[in-house]
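Shown next, in structure tokens, is the structure this report addresses.
Note that the numbering runs from 1 along the sequence shown for the chain. Counting convention: from 1, in listed order, for ligands and their atoms alike.
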Amino acid sequence: PLLSEGRKRAPLGEVEGILLPSSTVNNWDQIQKFKAKDDDLLICTYPKSGTTWIQEIVDMIEQNGDVEKCQRSVIHLRHPFIEWARLPQPSGVDQANAMPSPRVLKTHLPTQLLPPSFWESTCKIIYVARNAKDCMVSYYHFQRMSQTLPEPGTWEEYFENFMNGKVSCGSWYDHVKGWWKAKDKHQILFLFYEDMKENPKREIRKVMMFMGKNLDEMILDKIVQETSFEKMKENPMINRSTVPKTIMDQSISPFMRKGIVGDWKNHFTVAQNEKFNNDYKKKMERTSLTFRMEI
Ligand code: A3P
């Protein structure tokens, strides 16, 4: 598989058995030494679980619903991505260190790889989880177009790799279970993509309260509108339209793709669904965490 200009996509590296972009692995020392602050807010997700969506919601709440303030820069620069380390850009850690507090930060790391200073701090964490089947479908399409990750292979191959945790950021199953457990020890608001789809205002209010804000109903309604999939898809500060094709080739698949619950039904065969469900039962049997695959 070759890039349009003939360069091969970089293979993933590994930290403690978890696959990660090799640029991240090469910067691991700086990432692990990152100093979190008590007034940081960390947004944490497994990839393709609604990170961008919750980022925009958090920013809208922080800016009291001021749309213009949320247009101050593209979303991936408003909230430093802690493990991002692609030269020649400044790393996520460098960006965070240069940012005045209170900071909002982003990570996809599983609990065991999070820089330890986060656990030592009293920072708030918002985790968004999305059902595994839709997450797999979304990740597959993302890997087709994202030139910073390996080619996903065929859907059949990807299906196996996802179930075996052989994707960047490791196993979905371990990630969600790890963060679900972590909320017993740390201040974590645990949200679900499916709940956000079902009743955005209810979930946005939860985020507002968790952030210690009190916005009136009209502003909440405005945030619901501005953070709808349709609105965000058209927003150049969000839809990655400014990202060069050599990083994201959106002619293959758009970054803001479908934004629905249940798209897996258009991808899973009956046999795959059965295989997935049997495996899922085993991997998820010891957790109280449950997901809705449709709403
Ligand atoms: P699909 O590929 O299923 O469309 P992340 O931001 O973590 O990379 O997640 C991307 C997924 O969230 C994509 O899913 C994207 O369309 C969806 N998404 C982004 N903004 C959304 C919104 N406002 N409402 C619903 N889904 C959204």
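Scanning Y46, W53, F255 for the heavy atom closest to atom 15 (C) of ligand 1 points to F255. In this structure, of E226, K231, E230, R130, the residue bringing a heavy atom nearest to atom 3 (O) of ligand 1 is R130.
Atom 17 (C) of ligand 1 has Y193 OH, 3.9 Å as its closest protein atom, hydrogens excluded (heavy atom only). Among all protein heavy atoms, the one lying closest to atom 7 (O) of ligand 1 is T51 OG1, 2.3 Å. For atom 20 (N) of ligand 1, the closest heavy atom belonging to the protein is M256 CE, 3.3 Å. Among protein heavy atoms, the minimum distance from atom 16 (O) of ligand 1 is reached at F229 CE1, 3.3 Å. In this structure, the protein non-hydrogen atom closest to atom 23 (N) of ligand 1 is T227 O, 2.9 Å. Among all protein heavy atoms, the one lying closest to atom 13 (C) of ligand 1 is S138 OG, 3.7 Å.
Considering backbone and side-chain atoms together, H108 places no N or O closer than 3.5 Å to any N or O of ligand 1. Considering backbone and side-chain N/O atoms, P47 never comes within less than 3.5 Å of an N/O atom of ligand 1. Checked against a 3.5 angstrom limit, the closest N/O atoms of G50 and ligand 1 fall inside it.
Residue contacts with ligand 1 include K48, since one or more of its heavy atoms lies under 4.0 Å from the ligand. In this structure, F142 has no heavy atom closer than 4.0 Å to ligand 1.
In summary, the aromatic rings of Y140 and F159 are positioned with their centroids too far apart to meet the 6.0 Å limit.
The pair K233-E230 does not count as a salt bridge, with every side-chain nitrogen at least 4.0 angstrom from each carboxylate oxygen. Between D29 and K33 there is a salt bridge, since a side-chain N of the basic residue sits under 4.0 Å from a carboxylate O of the acidic one. Between R292 and D195 there is a salt bridge, since a side-chain N of the basic residue sits under 4.0 Å from a carboxylate O of the acidic one. Residues R72 and D59 are paired through a salt bridge, judged by an N-O separation under 4.0 Å between the basic side chain and the carboxylate. At a threshold of 4.0 Å, the pair K197-E203 does not count as salt-bridged, since none of the basic side-chain nitrogens sits closer than that to a carboxylate oxygen.
No side-chain heavy atom of H108 sits less than 4.5 Å from a side-chain heavy atom of S168.
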Candidate pair N273 and K133, rule side-chain hydrogen bond (donor to acceptor under 3.5 Å, both in side chains), full reasoning: CA-CA 9 Å; N273 196 34; K133 292 179 186 176; 2.7 Å; yes

Verdict with reasoning, K8 to E151, per salt bridge (charged side-chain N to carboxylate O under 4.0 Å, His left out): CA-CA 10 Å; K8 218 170 174 269; E151 295 272 1; over 6 Å; no

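Of the candidates V58, L215, I57, L215 is the only one forming a side chain to side chain contact (heavy atoms under 4.5 Å, CB included) with M208. Each of K282, K281, K283 was evaluated against D279; a single residue qualifies, K283, per the salt bridge (Lys or Arg N to Asp or Glu O under 4.0 Å) test.
Near S49, meaning under 4.0 Å from any of its heavy atoms, are these atoms of ligand 1: 7 (O), 9 (O). For ligand 1, the atoms sitting less than 4.0 Å from at least one non-hydrogen atom of S228 are 23 (N), numbered in the order shown with element in parentheses. Atom numbering of ligand 1 starts at 1 in the shown order; those under 4.0 Å from a heavy atom of T52 are 5 (P), 6 (O).
Proximity of R257 to ligand 1, defined as any heavy-atom pair under 4.0 Å, is shared by backbone and side chain alike.
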